[in-house]
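Read the structure below first, then the notes.
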Amino acid sequence: MVAILILAAIVVPAILALATKRGDVNIGYQRALYGNYLVLLLAVAAVINAGIGGKFAAEVVSSSSNGAGLGVLLDQVSSLMLLVVSVVAVTVIQFSERYLDGDARHAHYVKWLTATIAAVQLLVVSSNLVMLFGAWLCTSLALHQLLLMYPERCGAQRCARKKFIVSRLGDLAIVGAILLCLKNLGSVNFEAIDHLIATYHPLNDLGLIGILLALGALTKSAQLPFHSWLPESLEAPTTVSALMHAGIINGGGFLLIRMSSVMSHAPSAMSMLAILGSLTAVFGMAVMVTQSSIKRRLAYSTVGQMGFMMMQCGLGLYQLAMVHIVAHAFYKANAFLRSGSAISQARDQVFFPPQSRLPYLLAGVVVVSALVGLGVLWEQLQGGVPFTKLPIVTTWVLACLHAVVGMVIIRDRPIASMILGLGFAAIMISGYGLLCLAVSHYLQPQLGHILEIPTTIPDLVLFITAITFILGFVLQTIIHLDIRSEGIVGLFVHLNQGLYLGVFLDKIIGKVWVHSPGRTK
Amino acid sequence: MLADMKLSAASDIHKVDNLEIVMAAAKAACNLVAPMWSLDSFVAVNPFWGLREKSIVTADRTLQTAFGSGVFLDREAMRRLHRQRPFSAVEIEHAAVQVAEHCAGADLEVVQRAAYSVLNDAELAANPTLRAYVDFVSSNHDPRLKELIVNEISRFMALYFDRGQAVWRYPFQSLQLFDAWRKFVEIDLSLEVYGISKAREFFCQLPESYCEVLVKYSSEISLSNKLKECFVAELALVKGWAAYAQHLEFEAAKRKETTDLVPQILAVVCGYALLVKERYGSASNDAEWRELIGGIDIEAQDKESIGRAVLQQVLDARYVAELQSKLGEIKVEASNERPKLQAIFCIDVRSEGFRRALEAADAGIQTYGFAGFFGLPLKLHPRGGSVPVSQYPVLLSSTFDVCEVHLDSESPLKNLILGVRRRIKSLIKTLRQSVSSGFSFVEAFGAWYGASMLMRSLNPPAAKTCGHELARAALAISLDPNQRIAAARAILKNTSLKMPLAPVVLLVGHGSQTDNNPYAAGLDCGACGGHSGDANSRVAARLLNDPEVRKALAIEGVEIPTDTVFLAARHNTTLDDVTILHESSETVRGPLMRQVEGWLASAGGAARSERQAALVSTDSNGASEADVFRRARDWSEVRPEWGLARNAAFIAARRIRTRGAELSNRTFLHEYDYSRDSDLAILELIMTAPMVVASWINLQYLGSTASPNVFGSSTKVIHNVVGQLGVVLGNGGDLQVGLPLQSVHTGKERFHEPLRLNVIIEAPAESIQSIIKKHKLLQELSANGWLHIYSLEREAPRLSRVN
């Protein structure tokens with residue numbers, strides 16, 4: 001009964017909004033907003049419930065044999081995710097009301113926005129893989145309508161088409177995973193799967209399921225080489241970008257965390273995720289720093305951030321991945337909605353002439369290395385360095401280094417600035433540490449509490465990920481030092497074009513898809 | 001048969017290779033592009049500036065063929081107006097007489113018929129428009145090609161002109177544009193990945209000098225007798241970026257430097273055209289294109305343009321008639337009593353409502369209109385090392401500097417905190433946007449953004465008036481005593497301030513208050529270069545309060561009563577709230593001050609409710625006083641205020657001629673007293689500076705309203721700020737010029753009514769004429785129909801046309 005109410009709370013506003021008469025935009029907004037406030041309240045209740053160790057699971061209609069059907073599962077992971085999606089949804093809906101005021105397609109927009117949000121929320125509360133996939137498909141199709149908000153724009157058409165093709169590829173992978181689950185595990189219900197794996201260790205074929213799920217997640221979360229639709233989706237309103245980058249793109253990561261018990265038995269899939277994820281992370285950020293438009297910069301930043309999250313999943317650090325999803329969703333929703341402030345921020349930007357200060361740079365590196373060395377020594381005395389934390393430690397050390405380097409290279413008063421940079425890095429680390437502790441404590445009943453990389457992941461993978469991030473740091477230092485050799489300039493231009501992957505995919509799609517898919521007007 | 005003819009026509013094209021002819025044509029084409037300022041100092045620009053030497057009718061035709069959109073409203077819009085209120089035969093006849101003057105060669109009969117044809121005839125076949133070579137070929141071969149090339153050019157321009165958006169700046173920003181482009185295309189693989197093989201090799205073989213590329217283009221592609229047209233067509237592909245470059249040329253010219261950025265952009269486009277010709281061109285294709293271009297005369301007499309000009313003239317005349325009737329209602333009552341308060345406002349149309357409300361508060365209040373920079377072209381150096389701000393109209397150059405300085409009374413701790421905050425702020429920016437630390441930053445601080453966002457949704461930020469937010473540092477003015485005296489004298493003279501001076505004289509600058517709005521500067525004071533006018537009014541007040549200055553002025557016979565105090569103030573145009581900017585050194589308190597503040601508060605309330613009515617009638621949500629405040633602080637608001645929309649007239653006269661008249665925030669009001677201007681120096685100043693600026697504003701609104709996608713920047717909803725200087729739509733494409741649709745349109749209908757500026761000057765027609773004769777620019781504007789000038793008789797509310 002409660003499950004029906006929860007599903008109703010999610011679906012009814014969407015149905016009402018879809019049923020709103022043309023032109024009655026205000027009523028559409030009211031319905032969407034009140035509905036989503038209700039879901040937000042539900043999410044808060046669910047998070048509190050999960051926080052005290054409870055979980056809510058109920059089936060509405062489902063096959064008793066394999067668990068496929070309609071049901072609700074609100075455990076630690078999905079409650080938190082529902083909360084994130086609802087906060088973003090409420091913000092985006094409220095923002096849209098004024099932002100799109102007077103737009104000729106406003107009515108179309110409200111309908112599909114509400115529908116998209118409801119589909120994402122259904123995805124999050126799904127109790128089984130079949131329902132999740134259904135919601136996944138609905139999200140994609142409803143989002144398609146939002147991407148085609150201005151169908152007369154060729155760029156919008158092309159992006160929607162590209163996204164459509166990539167998503168269907170991902171769908172194929174997931175359908176494959178569902179079939180294999182049914183065949184090998186006999187159920188698609190998440191709880192049943194977790195239970196089965198925990199008790200019987202049926203390791204056969206989990207590897208293939210893992211790879212298929214990973215492929216599905218890679219397409220959804222815009223990972224290499226499927227990413228190029230994301231930076232091209234800026235033809236849709238700013239609010240759609242905010243929702244997409246904060247609420248929808250995480251779907252891939254959510255799926256992996258949901259299926260973490262299966263993934264943990266698919267080391268090759270995890271290795272693939274870790275390597276592709278870290279490559280995408282550095283690729284996304286490296287392209288980002290060369291972009292001269294705000295939204296494109298944000299879009300590539302998302303590609304990179306999702307890569308980082310995928311890497312965390314690949315390394316079995318699901319708690320950290322969850323922290324990343326939550327933090328990034330909020331950060332990016334805000335950044336997109338705020339993108340109109342780019343000019344006023346530039347207006348009161350403080351202007352320091354850049355100066356290269358090599359000695360101070362070296363001093364900064366020495367100081368941070370010394371601190372890290374001390375930390376390692378301390379850990380050693382405590383009983384051995386956890387080698388398995390290598391990639392995570394690397395990224396954090398690099399961030400600290402960056403804080404210091406960033407301060408000393410271009411600022412006056414280098415020593416004071418260096419101390420300031422170190423202090424800031426310390427605040428950053430402790431803030432993050434506290435957050436991680438809190439979240440992993442919260443997720444403990446579901447994901448266990450050990451923040452360690454499973455030993456099934458080959459050391460080589462760990463090294464590759466760590467080195468990828470170090471390369472990123474080297475690139476950043478080159479940028480800081482303003483080195484302009486021919487090779488570096490070449491790199492700049494290629495990176496600026498996203499290594500041409502977008503044009504390349506366009507060309508392939510252009511060959512396959514000769515007919516225009518017709519205008520939706 | 002036909003194809004054969006085309007082929008033969010193509011083969012005997014006369015080759016053009018004379019460098020000078022080519023460069024002259026290129027220059028002529030480039031001059032058609034009006035400049036566009038970057039968004040941080042987004043001042044209104046006449047989008048038709050390059051065509052001011054032509055009559056408005058010809059310009060309409062030229063723009064129509066070059067960009068697909070002219071000056072006036074299109075046929076359909078005119079017909080809609082006709083249905084709402086029919087254009088009468090008498091109106092059309094009157095208007096036709098005026099228009100016939102501007103298009104030599106067309107007689108009255110033809111002009112009138114043209115107007116009726118716009119209203120009644122079936123849709124004509126559209127006039128052919130110029131098309132860039134790349135555009136033409138790509139529509140025959142591959143529609144994607146044009147988009148790809150425009151995006152490539154735009155992407156390069158964004159990198160080249162970027163002012164700090166990208167963390168990693170394009171390494172060749174310091175080279176000349178064309179050279180930087182060559183470096184770019186010699187590396188870039190996009191075209192080759194797309195399928196144009198060896199594009200890089202082709203670009204390597206292009207001539208080193210951009211002039212040579214233009215020559216190559218003219219000899220290989222264009223028609224010899226239509227060179228300018230060809231160049232116009234090519235440049236139209238990226239007219240937004242050309243407009244931005246034009247602005248850089250404009251600024252360089254003020255520094256007495258010459259640059260040729262726009263021709264270099266033209267050469268870049270021609271470079272791509274040459275590539276496309278080599279890879280996709282065919283004789284028949286080229287011939288077709290040449291036939292198209294050859295058949296177009298961009299300055300031909302066009303019936304459609306004439307007809308629309310007549311209808312526009314009717315609309316303008318209707319407004320003037322209405323305005324004249326309002327001027328007629330005025331009772332003139334001159335009193336020589338000492339006023340209780342004098343307040344000088346910016347001529348901005350938004351001041352009109354507030355002035356009216358303030359005057360209504362007490363008969364002893366006088367208000368004046370003057371350019372909001374108070375004649376002080378100063379460069380402000382903000383505290384903390386931010387970039388200097390140009391606080392003057394873009395037509396001028398700065399003459400002195402004003403620095404924000406630390407006060408001795410401020411504690412060193414405050415300074416330290418300021419320094420730490422600045423560093424942390426820039427550190428956050430660095431961390432957020434770097435390859436190696438972006439992840440960790442987001443993880444550590446993401447939750448904070450979530451919390452603040454949720455708070456914003458649940459509890460939108462309370463409305464505060466921005467006067468409370470003003471942190472004011474002391475100002476150091478780099479003027480020697482003589483310059484100070486001269487500046488003070490000029491302010492008193494040019495504002496026509498009436499003696500005896502009131503005990504309090506307010507110098508009211510203005511600024512807007514909006515959040516998350518890339519076009520915020522467009523709502524600020526245009527006379528202060530798209531910034532708030534605080535610094536200028538504060539400096540003006542400082543100068544006029546200076547005892548040394550007053551002593552010197554007294555010797556010259558300009559007596560400022562000892563009890564008179566000049567106070568700077570700011571008119572927040574979004575809230576219609578005027579706040580006095582007290583200097584920390586001043587201690588003007590007491591009953592008089594309380595009275596002044598009371599008047600300002602009540603005037604603010606009245607002006608706000610009037611403004612609110614405008615918002616109510618245009619907004620589906622309805623509006624209340626709280627709604628006005630919300631708009632100023634709402635980060636999702638796309639219409640925080642209407643800015644200078646609906647502007648229609650510029651009145652230079654004594655205030656008694658307009659005092660009490662309800663002018664609906666549509667008029668620029670400049671104080672002018674002909675009897676005190678024997679040598680016409682003030683009139684000359686008004687007509688050459690504020691009037692021209694008003695005309696720029698007026699035509700910008702007109703262009704952005706009549707053609708929102710060509711001279712406006714389309715919808716804000718998909719705006720993407722690029723290079724910290726402008727916006728592109730969605731993924732990329734050309735830079736957008738002009739105002740966004742939301743600034744002139746309610747969503748249901750146009751809010752701005754496209755009218756040409758109706759200038760009304762209270763001076764004899766001969767005097768006005770003598771000033772026009774002295775200045776080429778004024779001759780162009782008035783003779784070509786870019787504005788209307790009327791002379792207002794001194795005693796009667798009678799207007800007579802001057803141009």
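Since the model is a prediction, treat every value here as computed from it, not as a measurement. Quick note on labels: first sequence line is chain A, next is B, and so on, each numbered from 1.
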- Name the region of A:N334, side chain, backbone, both or neither, that has any atom closer than 4.5 Å to a heavy atom of chain B.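 A:N334 touches chain B through backbone and side-chain heavy atoms alike.
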- Query: chain B heavy atoms under 4.5 Å from A:A335: which part of the residue, side chain, backbone, both or neither?
  - Reply: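 For A:A335, there is no contact with chain B at all, as no heavy atom is under 4.5 Å.
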- Stepwise side chain to side chain contact (heavy atoms under 4.5 Å, CB included) check, A:K332 with B:V442: CA-CA 9 Å; A:K332 198 48 66 68; B:V442 164; over 6 Å; no
- Query: Under a 4.5 Å heavy-atom cutoff, which of A:V282, A:T290, A:V90 has the most pairs with chain B?
  - Reply: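 Heavy-atom pair counts peak at A:T290.
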- Could you tell me whether the side chain of B:Q165 reaches within less than 4.5 Å of the side chain of A:R297, counting heavy atoms only?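 Side-chain contact under 4.5 Å: yes.
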- Query: Going by heavy atoms in the side chains, are A:L234 and B:I718 under 4.5 Å from each other?
  - Reply: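 No; the side chains remain at least 4.5 Å from each other.
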- Item | Per-residue contact mode, B:N720 against chain A (heavy atom under 4.5 angstrom) |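 B:N720 touches chain A through backbone and side-chain heavy atoms alike.
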- Task: Could you look at B:R169 and say if it's the side chain, the backbone, both or neither that has a heavy atom under 4.5 Å from chain A?
- Result: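 Only the backbone of B:R169 comes within 4.5 Å of chain A.
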- Are B:Y170 and A:F492 an aromatic pair by the rule of ring centers under 6.0 Å?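 Ring centroids of B:Y170 and A:F492 are less than 6.0 Å from each other.
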- Assess the pair A:Y331 and B:Y449: is the distance between their ring centroids shorter than 6.0 Å?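 Yes, ring centres under 6.0 Å apart.
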- Looking only at side chains, do A:Q305 and B:E443 share a donor and an acceptor under 3.5 Å apart?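 No donor-acceptor contact under 3.5 Å links the two side chains.
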- Angle class for the B:F439/A:F469 ring planes (parallel below 30°, perpendicular above 60°, tilted otherwise)?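 Plane angle over 60°, so perpendicular.
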